[in-house]
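Bear in mind that the values here come from a model prediction, so they are computed numbers and not experimental data.
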Amino acid sequence: MTIRLFQALDIPVVLKMMKDHDFQFPAFIREQYPVRWDSYLDMPDERIHTYYVMFDEADMVIGHAGYILQPTVNRYEIVGVVTSKSHLRQGVAHRLISKICTKITEFGHGDVMLYTLDHEKNQAALAFYERMKFQREHVDMNYYTSGFHRLTLVKTL
């Protein structure tokens, strides 16, 4: 498995992976990504944002993750972590997040954040992030809709 920078040709397959994980990536979340990707592809600046994909030996994209600098909090946010259903629990997300954390460390930042859904159906994802040493920082109650809370997780690098 190899990681490379995201390219325009990756858009359909990554959107499909996100749709396959509809609970974590409902339509209103998926709709944000084409705009983000267009911005990145039009003006690649790794200090502002970067997106990666992982592909397998058959050159099939099997994972995606990126980061965005959030200037209001002067912190990088990891976004769009998704793995194809056929490659779950094979280290794809772990390797992508590790690459991002290494890159952010090179920029001199001491931590990174991500948002995820704080919901009983998302416990496996929460456990995964906690194994990667992300810690719960804040919960925005009913952020998305009633019963769907946004959890902020932070990892010290």
Side-chain angles (χ1 to χ4, degrees), residues 3 6 10-41 45-54 61-105 107-157:
I3 297 173
F6 180 85
D10 301 320
I11 292 172
V13 69
V14 174
L15 282 174
K16 178 169 182 337
M17 278 191 292
M18 288 176 169
K19 190 172 184 178
D20 288 346
H21 295 278
D22 192 51
F23 182 75
Q24 287 85 6
F25 292 96
F28 68 91
I29 296 290
R30 288 192 312 267
E31 290 168 0
Q32 297 176 26
Y33 280 89
V35 173
R36 289 177 173 178
W37 292 326
D38 286 346
S39 175
Y40 164 70
L41 293 168
D45 182 343
E46 68 180 8
R47 290 201 169 267
I48 296 174
H49 52 193
T50 296
Y51 296 89
Y52 297 103
V53 291
M54 178 175 281
V61 174
I62 58 172
H64 168 274
Y67 63 85
I68 301 171
L69 177 62
Q70 298 295 350
T72 57
V73 293
N74 192 32
R75 190 182 260 174
Y76 283 96
E77 175 190 355
I78 296 175
V79 296
V81 179
V82 66
T83 302
S84 69
K85 285 196 171 190
S86 63
H87 287 80
L88 291 173
R89 294 178 181 77
Q90 295 180 27
V92 173
H94 187 278
R95 287 183 57 195
L96 285 163
I97 291 171
S98 295
K99 178 163 184 71
I100 289 169
C101 290
T102 298
K103 180 57 78 174
I104 291 168
T105 300
F107 299 151
H109 281 256
D111 63 16
V112 65
M113 70 176 183
L114 64 81
Y115 298 116
T116 193
L117 187 61
D118 188 18
H119 190 277
E120 63 188 39
K121 291 182 180 180
N122 205 32
Q123 293 308 305
L126 292 175
F128 165 73
Y129 292 130
E130 288 174 344
R131 283 192 306 275
M132 288 204 68
K133 308 296 184 208
F134 282 87
Q135 296 180 350
R136 296 169 186 242
E137 182 177 80
H138 180 75
V139 176
D140 295 304
M141 301 301 289
N142 300 313
Y143 184 84
Y144 299 105
T145 188
S146 181
F148 290 83
H149 318 305
R150 182 177 79 169
L151 175 63
T152 304
L153 298 167
V154 176
K155 177 179 175 142
T156 300
L157 301 174

Exercise for review: Step by step, work out the side chain to side chain contact (heavy atoms under 4.5 Å, CB included) result for E77 and V112.
Suggested key: CA-CA 6 Å; E77 175 190 355; V112 65; over 6 Å; no
Review point. Stepwise, does the side chain to side chain contact (heavy atoms under 4.5 Å, CB included) test hold for R136 with D118?
Key: CA-CA 10 Å; R136 296 169 186 242; D118 188 18; 3.9 Å; yes
Review point. Given the rule in the side chain to side chain contact (heavy atoms under 4.5 Å, CB included) test, do M132 and L153 qualify, once you have shown the distances and angles that lead to the verdict?
Key: CA-CA 11 Å; M132 288 204 68; L153 298 167; over 6 Å; no
Review point. Can you check side chain to side chain contact (heavy atoms under 4.5 Å, CB included) on Y51 and V79, steps first, answer last?
Key: CA-CA 9 Å; Y51 296 89; V79 296; 3.7 Å; yes
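Screening K155, Q135, R75 against D111 for a side chain to side chain donor-acceptor pair (under 3.5 Å) leaves a single residue, R75. F25 pairs with exactly one of V81, L15, V82 by the side chain to side chain contact (heavy atoms under 4.5 Å, CB included) rule, that one being V82.
In this structure, the side-chain contact (heavy atoms from CB on, under 4.5 Å) partners of I48, at least two apart in sequence or on a different chain, are M43, D45. Evaluation of the side-chain contact (heavy atoms from CB on, under 4.5 Å) rule for V13 yields V61 as partners, not counting sequence neighbours.
Scanning all heavy atoms of the two residues, the minimum distance from A27 to D22 falls at N-OD1, 4.3 Å. Across all non-hydrogen atoms, the minimal contact from L157 to H109 is CD1-O, 3.8 Å. Smallest separation of non-hydrogen atoms from I78 and L114: O-CB, 3.6 Å. Scanning both residues, S86 and Q90, for their nearest heavy atoms gives O-NE2, 3.3 Å. Between H21 and M17, the closest heavy-atom pair is CD2-O, 3.1 Å. Contact between A124 and R89 at its shortest, heavy atoms only, is CB-NH2, 4.2 Å.
Counting heavy-atom neighbours within 6.0 Å of F23 CZ, excluding the residue itself, gives a total above 12.
For F107 and Y76, the ring centers are positioned less than 6.0 Å apart.
Checking side-chain atoms of K99 against main-chain N and O of I3 turns up no donor-acceptor pair under 3.5 Å. At distances below 3.5 Å, at least one donor-acceptor pair connects side-chain atoms of H64 with backbone N or O atoms of G80. Counting only distance, with no hydrogens or angles, the side chain of T102 and the backbone of S98 share a donor-acceptor pair below 3.5 Å.
When only modelled atom types and interatomic distance are considered, T50 and Y67 share a side-chain donor-acceptor pair under 3.5 Å.
Going from atom CG of L96 over to atom NE2 of H94 covers 11.0 Å, rounded to the nearest 0.5 Å. With rounding to the nearest 0.5 angstrom, the CZ atom of R150 is 4.0 Å from the OH atom of Y115. In this structure, the separation between CE on M18 and CD on E31 is 12.5 Å, given to the nearest 0.5 Å. Here the CE atom belonging to M141 is positioned 10.5 Å from the CG atom belonging to L151, to the nearest 0.5 angstrom. Separating the CG atom in L41 from the CZ atom in F6 is a distance of 6.0 Å, to the nearest 0.5 Å.
I97 places a side-chain heavy atom less than 4.5 Å from the side chain of F134. Taking 4.5 Å as the limit, some side-chain heavy atom of V73 sits within range of a side-chain heavy atom of M113. Taking 4.5 Å as the limit, some side-chain heavy atom of R95 sits within range of a side-chain heavy atom of M54. Annotation: side chain of K103 is in contact with side chain of E46 (closest heavy-atom distance under 4.5 Å). No side-chain heavy atom of Q24 sits under 4.5 Å from any side-chain heavy atom of L117. With contacts defined as side-chain heavy-atom distances shorter than 4.5 Å, the pair L126/Q123 qualifies. In this structure the side chain of T116 never reaches within 4.5 angstrom of the side chain of F128, judged on heavy atoms.
Remark: R30 fails to qualify as a cation-pi partner of Y33 under the 6.0 Å distance and 45° angle criteria applied to the six-membered ring.
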